[in-house]
Enquirer: 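Let me begin by handing over the structure; questions about it come next.
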Amino acid sequence: MTNIYLISGFLGAGKTTLIKTMVRSVFRDKKIVVIENDFGEAGIDTGLLRECNLTVTSLNAGCICCTLTGDFEKALERIRKDYAPEIILVEPSGVGKLSGIARLCMKLENTGEFYLRRTITVVDIRFFDKYLKNYGAFYKDQIVCADLILLSHQEEGSREICYAEKAIREINQEARIEADFWDSIPSAVFLDGPRGSALLKLEMEEALSMKPVRMKRGLRRRDGRTKGFFSLPFAGEVFSSVTIDCGEPLSEEMLQRKVLHVVKQADGEILRGKGIVKSSSGNLVFHFTPGSLLIEPVNMKGNQLCFIGTGLDGQQIRALFNGEL
């Protein structure tokens, strides 16, 4: 049987960094495959994970919990047959609903080949209130359905950590919350733990749906969507992504200037930016979250950037990045 670990978290919370930490310290010497679900076309995080010599399957241009449901199930089956891994780490899109993905995994438990071992959510304490207020349907779902919650950016201070822990506990009374730096958390904490009531409820609903008296495909709405299996709205109706091909080499200063120009001038709200670009002395990777921009050298090829947010105009953002506006 293959154990599945879901590594959830909102945009830029630190999911990819957590996976690298777990591979290095928790799952050392284990046979691991990662399924990485980027929202948008550019698989930036996929390339960063492959730097760790991991087998990575990428599902792009949608979310596992809605448009990529069939692709996800097929990917799991193909991975099991081709690689026979002990562990599958699934990094859903930052705007995906954890409940929908967990339900899919528990459905596959009926085959006897998979077991959903842990649902882990990374919470960035810098933006807890903002994201809960503005994107509650997605953000709250990731907290409610987690059995282990890890805080990121603990360097903000003890007051912020205490506030985040208290606020999270009001949403999820059962999950284990860890505020320590991830390298210092015992491996056993990551490996296993009891399922919370939210997941047990999903598990019961999935079991009931197997009864012959219930229609598994749900009710069809006038607009053609299936009602009842996944909660609406879909991520694609709230968030959008813009991908930019960057063929010219950029210095660190030029990349910083271009990214900040886009962030400051673009309509809508940019919640996440990431990309890999050429430079004269090698390649650079950048990560943007509101109030933070990190640029550093990276030993991998790439020439794409991706911005994710709400109310974005792709044509405008490309013109801003290219210096045309």
Enquirer: Taking the six-membered ring for Trp, are Y139 and F128 closer than 6.0 Å centroid to centroid?
Expert: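 Yes: the rings meet the under 6.0 Å criterion.
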Enquirer: Where the side chain of Q316 meets the backbone of D267, is there a donor-acceptor pair that is under 3.5 Å apart?
Expert: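 Such a contact is found between Q316 side chain and D267 backbone.
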Enquirer: Between D147 and T119, is there a donor-acceptor pair closer than 3.5 Å when you use the side chain of the first and the backbone of the second?
Expert: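 Flag set: sc D147 to bb T119 pair under 3.5 Å.
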Enquirer: Is the F138 to F10 ring centre distance short of 6.0 Å?
Expert: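 No, the ring of F138 stays outside the 6.0 Å limit from the ring of F10, centre to centre.
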Enquirer: For a 4.5 angstrom cut-off between non-hydrogen side-chain atoms, does L202 reach S99?
Expert: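 A side-chain contact exists here, since the closest heavy-atom pair is under 4.5 Å.
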Enquirer: Is the gap between the ring centers of F27 and Y5 under 6.0 Å?
Expert: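 Yes - the distance between ring centres of F27 and Y5 falls below the 6.0 Å cut-off.
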Enquirer: Can you see whether Y135 has R272 sitting over its ring - NZ or CZ less than 6.0 Å from the centre and within 45° of the normal?
Expert: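 No, R272 and Y135 do not form such a contact.
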Enquirer: Does T121 use its side chain to pair, donor to acceptor, with the backbone of G9 at less than 3.5 Å?
Expert: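 A pair under 3.5 Å: no.
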Enquirer: What residue among H153, R126, K274 forms side chain to side chain donor-acceptor pair (under 3.5 Å) with T289?
Expert: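 Passing option: R126.
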Enquirer: Heavy atoms, side chains only, cut-off 4.5 Å: are L284 and V298 in contact?
Expert: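 Contact flag for L284/V298 side chains = no.
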Enquirer: Give me the atom names and distance for the closest heavy-atom approach of V189 to R118.
Expert: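 Result for this residue pair: O-NH2, 2.8 Å.
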Enquirer: Is it the case that the side chain of S25 and the backbone of T21 share a donor-acceptor pair, with hydrogens and angles ignored and the cut-off at 3.5 Å?
Expert: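 Yes, because the side chain of S25 sits within donor-acceptor range (under 3.5 Å) of the backbone of T21.
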Enquirer: Hey, are the side chains of L271 and I308 touching, using non-hydrogen atoms and a 4.5 Å cut-off?
Expert: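 No. Closest side-chain heavy atoms not under 4.5 Å.
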Enquirer: Could you please spell out the steps behind the side-chain contact (heavy atoms from CB on, under 4.5 Å) verdict for I171 and K140?
Expert: CA-CA 8 Å; I171 299 171; K140 191 173 182 179; 3.8 Å; yes
